[in-house]
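What follows is a set of notes on a single structure, which appears directly below.
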Amino acid sequence: MDAKTQPDRSRDVSQPLDKLGPDETLKANSDYLRGTIKQSLADEITSAVTANDAKLMKFFGIYQQDDRDIRDERRRQKLEAAFSFMARVRLPGGVCTPGQWLKLDDLARNYAGDTLRLTTRQTFQFHRVMKHDLRTLMQGLRDVLLDTRAACGDDTRGVMSTVNPDLSKLHAEVYALAKRASDHAVHRTGAYKEIWYEAEREETDGPEEPFYGRTYMPRKFKIGFAIPPSNDIDVYGQDLGFIAIAHRGKLKGFNVAIGGGLGRTDQSPKTYPRLASLIGYIDADKLFPTIDAVMSVQRDYGDRLDRLHARFKYTIDEKGLDWIKAETERRLGFALKPEQPFTFTSNGDPLGWVKGEDGREHCVLYIQNGRVINTPDYPLMDGLRAIAQVHKGMFRVTPNQNLIIADIDSKDRPEIEALMKEYGLDQFETRSGLRLNSMACVALPTCGLAMAESERYLPDLVTRIEAILNTYGLKDDPITIRMTGCPNGCARPYIAEIGLTGRAPGKYNLYLGGGFHGERLNKMYLENVGEPAILEALDKTLGHYARDRKPGEHFGDFAIRAGYVPEVKEGRFFND
Ligand code: SRM
Ligand code: SF4
């Protein structure tokens, strides 16, 4: 997005500035996200920042949170809530070097409660960072060439890219494009350096935000690159998804899918999960113009009055897919070609060791819910640190919250394997197919939107479901289960074969029938139920599945064939 060739869109073309919602006015008047963040950081009277600055800081990957485990107690004692901050790193395609890992580990130990969290969009989150430590953390990241730009906020979020552990040339090529796409679409404001690196304000040669203007996007905008047959990134959950089309291992171009989004808001029937729709094919050299064209359509026509209705999926459904496609093509100056054939087979990670086409070795480690932490019987964080100290290749965070120790020379494998054994990191060999395909969002105690437990509860629930699986001989069958603490869908539960979304403490909606490779939304089977009802339902449906499934049939497909839930055909559900 070249500053000299693009107009400064200080307001969106379809909605006049005086008709914007409050968040739009905040952005427009923030001096390109500067707000009063510097003053808020300097204020020693409170461990929080002002409400407006908290909103603006999201554009820099930082969320103000409070410890919800002690919120009521602090209120009773008339104390300020226990505020701290979550910081999310921008890490396109989930790639980081051992040196970066060691720095992330140091920062986590010093400033973020001795833990790192791998996310469902292939990056790291630090939790519980105190306000006075934020700059040190951000500058520490800068020292290893990392930043947190646009990891949250109304802009392009972390760009995802399929991580095939065999890391073929095609995967390297697509990853490089994903990285460039992130650098291309990230916001440009000098506020980042001024606030976090304490740099002087510099004069800009042209508009400060040539693409975004003063009001940025109407809402978050997510881009991802999938390489068939793996749909690990859940390409149909992206606002803008690219499906790589290759010929004899060489990248030719991409099928383009638009309008995916999995969030819904409790009790708000106008919000719904929607799978992305394929609109055609582009040659690889048209990638960046296509990103600009699609994003600019959403920038200019997305709803800037009602944030609940501001994601691209709603713009598409209001305007019509054909209209959005035609407007995109008009901006591109050419028509998209017909989409090319492709096949997805799974959205999970193949765990364990694999050898790449160039003979290099890779090991996909199972990390339960992406939580990197030491416990008395499982020193995971220490183990990964020990590996980072000797590893000469790369690490890759997967979209399923797992981790690949990538690019290992065969002669170095024994040393890595010995460390894995020493620290007990090779547990994927003994885990059930359900656990290895499970994901939970963070939820309590840090997420301000959580209505129920997720990360702290799913492992125990899976243990109880494993007893059922053992009874029916299903222990090794891969079945996807994803849980979130609220309907926002951060662990993409609406495309799991078993989905659970929190409604209240101990209460969840249970969804069945999602597609094994992320191609179909699931449907609600039980509403607002506790563990006994969930286990009873799974005992019934899994038992039936074990008895009557066809060869190779996945549980999600079976749940529909057996009539437990109807098939969601239209790629979205409007209500339950
Ligand atoms: Fe998310 C908001 C965590 C992936 C949909 N998400 C949040 C916040 C920031 C809560 C908040 O706004 O105050 C959560 C912080 C919790 C914490 O304490 O860390 C949060 N989301 C996460 C992560 C960390 C879940 C995880 O356990 O890994 C994921 C970070 C991804 C990243 O690295 O960027 C995460 N969130 C997702 C995904 C999955 C994806 O993108 O593939 C979705 C569904 C896809 C989508 O966007 O449609 C998702 N998060 C949401 C939504 C609902 C958006 C909507 O359109 O309705 C919210 C709420 C909002 O934006 O208002 C939300
Ligand atoms: Fe928080 Fe809800 Fe996202 Fe879970 S799904 S992290 S509870 S916003």
Side-chain angles (χ1 to χ4, degrees), residues 91 93-109 114-120 122-124 162-167 171 230 232 346 348-440 455 458-459 462-463 466 475-476 478:
L91 198 73
V95 174
C96 87
T97 64
Q100 288 172 330
W101 182 281
L102 291 173
K103 186 69 179 189
L104 291 161
D105 176 284
D106 281 346
L107 293 170
R109 288 174 198 259
D114 279 312
T115 173
L116 274 170
R117 179 61 155 65
L118 312 185
T119 75
T120 54
Q122 301 181 276
T123 189
F124 298 91
T162 288
V163 286
N164 186 316
D166 73 17
L167 293 180
H171 286 79
S230 170
D232 56 353
S346 148
D349 293 333
L351 294 147
W353 286 92
V354 284
K355 197 176 251 197
E357 58 187 22
D358 57 359
R360 309 281 289 177
E361 310 227 31
H362 317 277
C363 187
V364 190
L365 290 181
Y366 169 69
I367 310 286
Q368 185 148 275
N369 301 328
R371 179 60 67 186
V372 176
I373 195 166
N374 288 327
T375 60
D377 54 351
Y378 189 34
L380 173 62
M381 197 167 180
D382 287 350
L384 292 174
R385 185 176 176 87
I387 289 174
Q389 278 162 342
V390 299
H391 181 38
K392 301 183 191 84
M394 304 294 272
F395 289 101
R396 282 196 83 165
V397 180
T398 82
N400 290 290
Q401 304 168 319
N402 293 317
L403 185 71
I404 307 183
I405 311 170
D407 201 18
I408 304 168
D409 194 301
S410 294
K411 73 174 172 13
D412 296 329
R413 175 170 165 171
E415 186 179 21
I416 303 271
E417 254 178 333
L419 286 169
M420 280 169 55
K421 278 227 156 1
E422 182 183 338
Y423 289 91
L425 311 189
D426 48 359
Q427 299 192 13
F428 51 84
E429 286 162 7
T430 55
R431 306 283 186 137
S432 68
L434 184 79
R435 193 177 296 272
L436 296 177
N437 286 282
S438 66
M439 273 209 296
E455 182 190 325
L458 186 63
V462 167
T463 304
E466 279 170 343
K475 178 177 170 279
D476 296 325

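The chain is numbered in sequence order, starting from 1. Atom set for the values below is all heavy atoms of this structure, side chains included, hydrogens, waters and symmetry mates excluded.
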Does a salt bridge link R109 with D114, judged by any charged N lying under 4.0 Å from a carboxylate O?
no
Please report the interatomic distance SG(C96) to CG(L104), rounded to the nearest 0.5 Å.
6.0 Å
Over 60° means perpendicular and under 30° means parallel, so classify the ring planes of W101 and F395, tilted if in between.
tilted
Any side-chain heavy-atom pair from P478 and L436 closer than 4.5 angstrom?
no
Between CZ on residue R396 and CG on residue L118, distance to nearest 0.5 Å
14.0 Å
Shortest non-hydrogen separation from A388 to L102 and the atoms involved:
CB-CD2, 3.7 Å
Partner set under side-chain hydrogen bond (donor to acceptor under 3.5 Å, both in side chains) for D407, not counting sequence neighbours
R360
Polar side-chain atom of R117 near backbone of T123 as donor-acceptor pair, under 3.5 Å:
no
Is there a donor in the side chain of N400 and an acceptor in the side chain of T398, or the other way round, less than 3.5 Å apart?
no
Is there a donor-acceptor contact under 3.5 Å from the side chain of R385 to the main chain of D105?
no
For the backbone of D412 and the side chain of E415, can you confirm whether one donor and one acceptor N or O come within less than 3.5 Å of each other?
no
Got a salt bridge between E455 and R371, using NZ or NE/NH1/NH2 to carboxylate O under 4.0 Å?
yes
Of all heavy-atom pairs between V462 and S438, which one has the smallest distance, and what is that distance?
CG2-CB, 4.5 Å
State whether the side chain of Q122 and the backbone N or O of G93 hold a donor-acceptor pair below 3.5 Å, judged by distance alone.
yes
Are T463 and R435 packed together at the side-chain level, in the sense that at least one heavy-atom pair is separated by less than 4.5 angstrom?
yes
How close do I387 and I405 get, heavy atom to heavy atom, and via which atoms?
CD1-CD1, 3.8 Å
Going from CD on Q401 to OG1 on T120, what distance comes out if it is rounded to the nearest 0.5 angstrom?
6.0 Å
From C363 atom SG to L403 atom CG, the distance as rounded to the nearest 0.5 Å
9.5 Å
Between D232 (side chain) and P399 (backbone), is there a donor-acceptor pair under 3.5 Å?
no
Run W353 and D426 through side chain to side chain contact (heavy atoms under 4.5 Å, CB included) and show every step you take.
CA-CA 10 Å; W353 286 92; D426 48 359; over 6 Å; no
Mind listing the closest non-hydrogen atom pair of G424 and Y378 along with its distance?
O-CE1, 3.1 Å
Nearest heavy-atom contact between V397 and T119 is CG1-O, 4.4 Å
Looking at H362 and G352, would you say the former's side chain and the latter's main chain have a donor-acceptor pair under 3.5 Å?
no
Hey, could you give me the CD1/CD1 distance between I404 and I367, rounded to the nearest 0.5 Å?
11.0 Å
Please list, chain by chain and in numerical order, all residues satisfying salt bridge (Lys or Arg N to Asp or Glu O under 4.0 Å) with R413, sequence neighbours excluded.
E361, E417
The reported gap from CG in D382 to CG in L380 (rounded to nearest 0.5 angstrom) is 9.0 Å
Closest heavy-atom pair, V364 versus D349, reported as atoms and distance to 0.1 Å, is CG1-CB, 4.1 Å
With a 4.5 Å cut-off on side-chain heavy atoms, are M420 and L365 touching?
yes
Check whether any side-chain heavy atom of K355 lies under 4.5 Å from a side-chain heavy atom of S410, and answer yes or no.
yes
